[in-house]
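One structure is given here, and the rest of the page talks about it.
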Amino acid sequence: MTLTADNITTLLADQDLLISAPEFDGEIKHLAYNSKEVVPGTLLFIKGNFKPEYLDAAIKDGAIAIVAPQNFKGTTDLPTWISDDVPAAMSIVAMAYYGYPQNDLALIGITGTKGKTSTAYMAYEILRAYTNDKVALSSTLQVITGNEPKFHYRAHLTTPESLDLFRWMREAVDNGMTHMVMEVSSQAFKMRRVYGLRYNVGIFLNISPDHIGENEHPTFADYLAHKMMLFDHSEQIVLNADSDYFGTLIEHAALNVPRDGIWLYGKEDADSPKADAYFEATDTNLHGSVFNVREVGQQAQHLHINGEYTLDMPGDFNQSNALAAMIATRLVGADAPAMVEGLKIVKVPGRMQVLNTKSHGTVYVDYAHNYASIAALLQFVRQNESVNKLTVVVGAPGNKGVSRRPGIGKAVSEGADIVYLTSDDPQYEDPDKIADEIQTAITNPDVTIYRELDRTVAITEAIKNAGPADVVVLAAKGLDEYQKVNGVDTSYENDWAVAQRIDSELEF
């Protein structure tokens, strides 16, 4: 894979991303945005918090040209393309360098405040059944580009940087994958990680205030606007008719996609807006659920997904996500038998994992990390467990999602009896101050509040002090095996492993 200097100049000029181009006739053999990833023949993209001194190391390792913004303060004799939007330029160059792999994949993009990961895994399992294991995945938890373990990668962002994304897409195509399911965050649009990419199908699950802060979205309006950019870049849309702000969403979707390309779904309810397909739960328990799907109208009847389905995940919010995944996968070829097979076996690592202890009640481990997801989880536990005391262990990350902290406190205030406020991924913030912001929103005087910033100790105390009829919810971290502290990924056992170990020690 190579690009000539003329190729790059033409690509950027065609997208109005070029301010100036160098006099250079060399050949680019590698792309990088991290100076540590430079090898001989590399074109280096200067973006984000790139310090000028990094450039010296990159040149020593073989960088032969750069793409830089006008305000870059480094000095170099390297051939330089100047762009007013380096992240967008990187996406355009990366997709060309890797041979436009998206053109060889049926691509589903999924956005929403909650449920993206669960929906992605549902669509992934359905398509695995339909394609005989020829589907790739890009999720918050992992990236899968092939069936061998060496093609399974740990994810570090909900949506990868464009250079990584297109490299993984190319690997998926080379491995024989025909479909790809990916989570698309609002930050992916804001930071140009998916600039120029179009989806065969875009799923919009829901929207509620989140990811609002100095390092993310300045306002909810900005957050919503970037979420809705999925509509601008999808051939067809699958939209939750029960979502908040539905009127705004459907109005924006209709600007970009004709009505026969917009598929509405919702819960069977007389108060719901008109949908093309409805779901209705017929049975639910702690391990899964059974639901019916009903198609409505002439357009929906082309789906051929009427009937009863068993989902290996509990909760009506997951049934809603399942229907979204069903419609989207149907639009890229999957059939009802594949849906039956995929939904029966789907598991999301770290989501709704349940540990039944002998003497200390039931422990739930889940990635729930904002008001909507924590409130839904606690409500589900109350409805499906005979609970004496419900304890939550929770924190919030630093330097991101600042707006979600009051929401976490509100969810705890509404649904918990006991809370252990602890550390999540504090980054450069004081975890004690983060806990203060959550605690301020816990207005229910009946909630007992403990502060224990060592997460392992907090989980230990919560489980140790639980009785046989109690429930302990470990929220937000799931199977994450590190905590981000002062810019360093610090090793962490993960919530599920800690819970299992503590249970084993207590029962020994």
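Start at 1 with the first residue, then count along the sequence. Just so it is clear, the model here is predicted, and its values are computed rather than measured.
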Less than 4.5 Å apart, side chain to side chain, heavy atoms only: is that true for [X] and [Y]?
X	Y	result
M228	L249	yes
S243	I207	yes
T117	L141	yes
T391	V471	no
T119	I203	yes
Y450	I418	yes

Separation between [atom1] of [X] and [atom2] of [Y], rounded to the nearest 0.5 Å:
X	Y	atom1	atom2	value
Y121	D312	OH	CG	14.5 Å
W81	I19	CH2	CD1	15.0 Å
N370	R405	CG	CZ	13.5 Å
Q319	M122	CD	CE	9.0 Å
Y124	I108	OH	CD1	13.5 Å
L31	E37	CG	CD	12.0 Å

Going by atom type alone, with no hydrogens or angles, which donor-acceptor pairs under 3.5 Å involve a side-chain atom of residues 57-74 and a protein atom two or more places apart or on another chain?
none

(request) Kindly indicate, with the supporting measurements, whether the criterion salt bridge (Lys or Arg N to Asp or Glu O under 4.0 Å) is fulfilled by E125 and K347. (result) CA-CA 9 Å; E125 289 295 348; K347 293 285 187 185; over 6 Å; no
So, are [X] and [Y] salt-bridged, with charged N and O less than 4.0 Å apart?
X	Y	answer
K358	D503	no
K389	D470	no
E171	R167	no
R193	D164	no
R451	D436	yes

(request) Evaluate side-chain hydrogen bond (donor to acceptor under 3.5 Å, both in side chains) for Y223 paired with T113, printing each intermediate quantity in order. (result) CA-CA 10 Å; Y223 175 56; T113 301; 2.9 Å; yes
(message) For H252 and D232: C-alpha separation, side-chain torsions, deciding distance, then whether side-chain hydrogen bond (donor to acceptor under 3.5 Å, both in side chains) applies.
(response) CA-CA 9 Å; H252 189 113; D232 308 335; 2.9 Å; yes
Heavy-atom pair of closest approach, residues [X] and [Y]:
X	Y	result
M182	L197	SD-CD2, 4.3 Å
N240	S320	ND2-OG, 4.1 Å
A462	V393	CB-CG2, 3.6 Å
V419	I442	CG1-CD1, 4.0 Å
A89	L12	CB-CD2, 3.6 Å
R382	D417	NH2-OD2, 3.1 Å

(message) My understanding is that only residues two or more places apart in sequence, or in another chain, count here; which of them pass ring-ring contact (aromatic ring centres under 6.0 Å, His included) with F151?
(response)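 Partners of F151 under the ring-ring contact (aromatic ring centres under 6.0 Å, His included) test: none.
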(message) The test is side-chain hydrogen bond (donor to acceptor under 3.5 Å, both in side chains); show your working for T111 and K227 and say whether it passes.
(response) CA-CA 7 Å; T111 201; K227 282 286 189 191; 3.0 Å; yes
(request) Start with the C-alpha distance between K114 and Y367, add both sets of side-chain angles, then the distance that settles side chain to side chain contact (heavy atoms under 4.5 Å, CB included), and finish with yes or no. (result) CA-CA 10 Å; K114 65 173 184 175; Y367 278 108; over 6 Å; no
(request) Show your working on side chain to side chain contact (heavy atoms under 4.5 Å, CB included) between T456 and D454 and close with a plain yes or no. (result) CA-CA 6 Å; T456 299; D454 184 314; 3.5 Å; yes
(message) If we ignore hydrogens and angles and just use 3.5 Å, is the side chain of T443 paired with the main-chain N or O of K410 as donor and acceptor?
(response)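 Checking the backbone N and O of K410 against the side chain of T443, no donor-acceptor pair under 3.5 Å is found.
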(message) So does G146 get a backbone contact from the side chain of H152, meaning a donor-acceptor N/O pair under 3.5 Å?
(response)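 Side chain of H152 to backbone of G146: a pair is present.
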(request) Kindly determine whether K400 and D425 satisfy salt bridge (Lys or Arg N to Asp or Glu O under 4.0 Å), including the steps that lead there. (result) CA-CA 10 Å; K400 64 178 289 189; D425 290 323; over 6 Å; no
(message) Among F204, Y199, F189, exactly one meets ring-ring contact (aromatic ring centres under 6.0 Å, His included) together with H233. Which residue is that?
(response)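 When ring-ring contact (aromatic ring centres under 6.0 Å, His included) is applied between H233 and each of F204, Y199, F189, only F189 qualifies.
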(message) Quiz question: by atom type and distance under 3.5 Å, do the side chains of E183 and T158 form a donor-acceptor pair?
(response)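 Result is no, nothing qualifies.
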(request) Starting from the C-alpha separation in whole Å, work towards a yes-or-no answer on salt bridge (Lys or Arg N to Asp or Glu O under 4.0 Å) for D222 and K190. (result) CA-CA 9 Å; D222 185 73; K190 190 176 182 71; 3.0 Å; yes
(message) Using the rule given for salt bridge (Lys or Arg N to Asp or Glu O under 4.0 Å), can you reason through R501 versus E505, listing the C-alpha separation, both sets of side-chain angles and the distance that settles it, and then say yes or no?
(response) CA-CA 6 Å; R501 178 175 57 77; E505 291 171 358; 3.2 Å; yes
(request) For residues 85-101, pull every pair meeting side-chain hydrogen bond (donor to acceptor under 3.5 Å, both in side chains), keeping only residues two or more places apart or in separate chains. (result)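 Listed once each, the pairs are D85-R192.
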